[in-house]
Amino acid sequence: MINQNSLSFMTDSDKHAYCILAHGNWEQLQLLVSVLDDERNDIFLHIDKKALSSFEIWGGKVKTNHSHIFIANSIDVRWSDVSLADAEIELFKSVLHSGIMYSRIHLISSADLPLKNQDEIHAFFMEHKDEEFINVIAPKAYIKRLKYYHFFVRYRRNRPLVDFARRILLIPQLFFVNRLRKSPLKYAYGSEWCSLSLEAIREIVDKFSLCRNMFRYTTCCDEHYKQMILISNAKFKISDKGNLRFIVFGKGSPSPKTLRVADADTLKNSKCLFARKFDMNIDKGIVLTICRKIMNNK
């Protein structure tokens, strides 16, 4: 579904697509869209199916002055489940179906913010147009996520007994199961978030439709499938700069630190283009500070 702005199909090689995964905190989502709002950008939005009613109560749309808004088909997303990859694929399909030849597609969440203005972001990617910006780590530290069948993943978060059952069912598999033995893809993992070329997005969508069953009944496949698809095709040049995201993980934490005003100087001095995560319910000041800085420098 597209917003009511008139849409002309174009081949502007400098246009960017921002694919946003959102599940709440709608005021912050509007602020994010506002700082991305630029005639050189379009916004592709996935609203978690569980949050659709909340989104409708809030207003049911985000506003732009320059960018077109595309709404992807909603998936009921569950943490570490294949449904998260499915939601990403819905966003990528929306990009491909738009008919617009975007030069760069950014996958972000509604808890992210850019650290640079659009002139700086577009200039960077014009200089690095032949590179794919995604974290790719090949060592097999997390191979168990894909090697064995993980059942009940959709229901494991905040349910210790369910997760315990999942772990118990892994034990007999240790001796005879290896789901990767016949995999056509090389093993890799890395951060979910990325900035990719249109050709890379097309490759991911095409290959995922063929190998989704390999990622079903795994855990955290959103941190594997894009990397594995891209490194299995030698034509894609993975940048050594990573995914250009500023993210801080606390020791032993599966989730990134929520950034606060105290982190402002670190963010200001960062060479990254984007940062996560932010939450206006925890620290509204840092969100407003970054948004004002970018809006004033447009």
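- Val35 and Leu288 fall within a single hydrophobic cluster, where Ile, Leu, Val, Met, Phe, Trp and Tyr are joined by side-chain heavy atoms under 4.5 Å apart, directly or via other members.
- Using a 4.0 Å cut-off between a side-chain N of Lys or Arg and a carboxylate O of Asp or Glu, Lys226 and Glu88 qualify as a salt bridge.
- With a 6.0 Å radius and a threshold of 12 heavy atoms from other residues, nucleotides or ligands, His23 has its NE2 atom at or below the threshold.
- We find that Arg78 and Asp76 are joined by a salt bridge, their nearest charged nitrogen and carboxylate oxygen being less than 4.0 Å apart.
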_Worked verdict on Asn296 versus Ile294 for side chain to side chain contact (heavy atoms under 4.5 Å, CB included)_ = CA-CA 5 Å; Asn296 290 337; Ile294 293 173; over 6 Å; no
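- In the hydrophobic cluster analysis, where Ile, Leu, Val, Met, Phe, Trp and Tyr join through side-chain heavy atoms closer than 4.5 angstrom, Ile20 is grouped together with Leu52.
- Remark: Arg179 qualifies as a cation-pi partner of Tyr149 under the 6.0 Å distance and 45° angle criteria applied to the six-membered ring.
- A distance of 7.5 Å separates CG of Asn117 from NZ of Lys293, quoted to the nearest 0.5 Å.
- Of all non-hydrogen atoms in Asn135 and Gln227, the two that sit nearest each other are O-NE2, 2.9 Å.
- Thr219 and Arg156 share a side-chain donor-acceptor pair at under 3.5 Å.
- More than 12 heavy-atom neighbours from other residues, nucleotides or ligands sit within 6.0 angstrom of CZ on Phe151.
- No side-chain heavy atom of Gln173 sits less than 4.5 Å from a side-chain heavy atom of Asn178.
- Side chains of Tyr148 and Leu174 form a contact here, defined as non-hydrogen atoms less than 4.5 Å apart.
- Classified by interplanar angle (parallel below 30°, tilted 30° to 60°, perpendicular above 60°), the ring pair Tyr187/Tyr189 is tilted.
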_Assess the residue pair Phe44 and Tyr18 against the criterion (ring-ring contact (aromatic ring centres under 6.0 Å, His included)); give the C-alpha distance rounded to whole Å, side-chain angles, the decisive distance to 0.1 Å, and a yes or no._
CA-CA 6 Å; Phe44 291 78; Tyr18 282 89; over 10 Å; no
*Stepwise, does the side-chain hydrogen bond (donor to acceptor under 3.5 Å, both in side chains) test hold for Ser83 with Asp86?*
CA-CA 5 Å; Ser83 56; Asp86 290 336; 5.9 Å; no
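- Closest approach of Arg276 and Pro256 over heavy atoms only: NH1-CG, 3.3 Å.
- Under the 4.5 Å side-chain contact rule for hydrophobic residues, Val248 and Leu113 share a cluster.
- Pro172 places none of its side-chain heavy atoms less than 4.5 Å from the side chain of Val177.
- Nearest approach of Tyr225 to Ala85, heavy atoms of both residues: CE2-CB, 3.6 Å.
- Side-chain contact between Val136 and Phe236: absent, with no pair of heavy atoms (C-beta onward) separated by less than 4.5 Å.
- For the residue pair Arg40/His16, the side-chain donor-acceptor check at 3.5 Å is not satisfied.
- In the hydrophobic clustering, where aliphatic and aromatic side chains (Ile, Leu, Val, Met, Phe, Trp, Tyr) are joined below 4.5 Å either directly or transitively, Ile168 groups with Phe164, Ile171.
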*Which is it for Leu107 and Phe92 under the side chain to side chain contact (heavy atoms under 4.5 Å, CB included) test, yes or no, and what are the steps along the way?*
CA-CA 9 Å; Leu107 178 64; Phe92 296 155; 4.2 Å; yes
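- Applying the side-chain contact (heavy atoms from CB on, under 4.5 Å) test to Ser195 and every residue at least two apart in sequence or in another chain returns Arg104, His106, Phe125, Phe133, Arg245, Phe274.
- Taking 4.0 Å as the cut-off between side-chain N and carboxylate O, Arg260 and Asp283 do not count as a salt-bridged pair.
- The shortest heavy-atom contact between Gly285 and Val261 is C-CG2, 3.9 Å.
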Review item, side-chain donor-acceptor pairs of residues 196-206, under 3.5 Å, at least two apart:
from, atom 1, to, atom 2, distance (Å)
Ser197, OG, Glu132, OE1, 3.4
Ser197, OG, Glu132, OE2, 2.6
Ser197, OG, Ala200, N, 3.1
Glu199, OE2, Lys235, NZ, 3.0
Glu203, OE2, Lys207, NZ, 3.1
Glu203, OE2, Asn233, ND2, 3.2

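- Atom NZ of residue Lys277 and atom CZ of residue Phe246 lie 14.5 Å apart, to the nearest 0.5 angstrom.
- A donor and an acceptor atom, one from each side chain of Ser34 and Asp37, are nowhere located under 3.5 Å apart.
- Follow the hydrophobic side-chain contacts under 4.5 Å out from Leu169 and you never reach Leu146; the two are in separate clusters.
- Applying side chain to side chain contact (heavy atoms under 4.5 Å, CB included) to Val153 and the options Asp163, Thr218, Asp81 leaves one that passes, Asp81.
- Between Lys15 and Asp42 there is a salt bridge, since at least one side-chain N of the basic residue sits less than 4.0 Å from a carboxylate O of the acidic one.
- Between atom CG of residue Leu84 and atom CG of residue Leu21 there is a gap of 6.0 Å, rounded to the nearest 0.5 Å.
- More than 12 heavy atoms of other residues, nucleotides or ligands shown are found within 6.0 angstrom of NZ on Lys50.
- Leu170 has its side chain within reach of Arg166: a pair of non-hydrogen atoms, C-beta onward, lies under 4.5 Å apart.
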*Could you check Asn243 against Ser191 for side-chain hydrogen bond (donor to acceptor under 3.5 Å, both in side chains), going step by step and ending with a plain yes or no?*
CA-CA 8 Å; Asn243 65 1; Ser191 172; 3.2 Å; yes
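- Hydrophobic clustering, with ILVMFWY side chains joined whenever heavy atoms are under 4.5 angstrom apart, keeps Phe152 apart from Phe215.
- The heavy-atom pair separating Leu31 from Cys291 by the smallest distance is CB-SG, 4.1 Å.
- Using a 4.5 Å cut-off on side-chain heavy atoms (C-beta onward), Ile105 and Leu91 make no contact.
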*Show your working on side chain to side chain contact (heavy atoms under 4.5 Å, CB included) between Asp48 and Ile75 and close with a plain yes or no.*
CA-CA 6 Å; Asp48 190 325; Ile75 301 291; over 6 Å; no
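- Checking Ser94 against Glu90 by side-chain atom types alone, no donor-acceptor pair falls below 3.5 Å.
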*Run the salt bridge (charged side-chain N to carboxylate O under 4.0 Å, His left out) check on Lys284 and Asp279 step by step: do they pass?*
CA-CA 7 Å; Lys284 190 173 184 177; Asp279 187 339; over 6 Å; no
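- Looking only at side-chain heavy atoms (C-beta outward), Ile69 and Thr64 come within less than 4.5 Å of each other.
- Ser110 and Trp26 are not linked by any side-chain donor-acceptor pair at a separation below 3.5 angstrom, with hydrogens and angles left out of the test.
- The two residues Val162 and Tyr155 have their closest heavy-atom pair at CG1-O, 3.6 Å.
- Between the side chains of His122 and Asn41, at least one donor N or O sits under 3.5 Å from an acceptor N or O.
- The aromatic rings of Phe70 and His68 sit perpendicular to each other, their planes meeting at more than 60°, with 30° as the lower class boundary.
- Using a 4.0 Å cut-off between charged side-chain N and carboxylate O, Asp265 and Lys268 make no salt bridge.
- Between Ser80 and Arg157 the shortest side-chain heavy-atom distance does not fall below 4.5 Å.
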*Should Met214 and Met228 be marked as a side chain to side chain contact (heavy atoms under 4.5 Å, CB included) after you check the CA-CA gap, both sets of side-chain angles, and the distance that decides it?*
CA-CA 12 Å; Met214 189 180 86; Met228 291 174 66; 3.9 Å; yes
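- By the neighbour-count criterion of 12 heavy atoms within 6.0 Å, atom NZ of Lys186 is sparsely surrounded, having that number or fewer from other residues, nucleotides or ligands.
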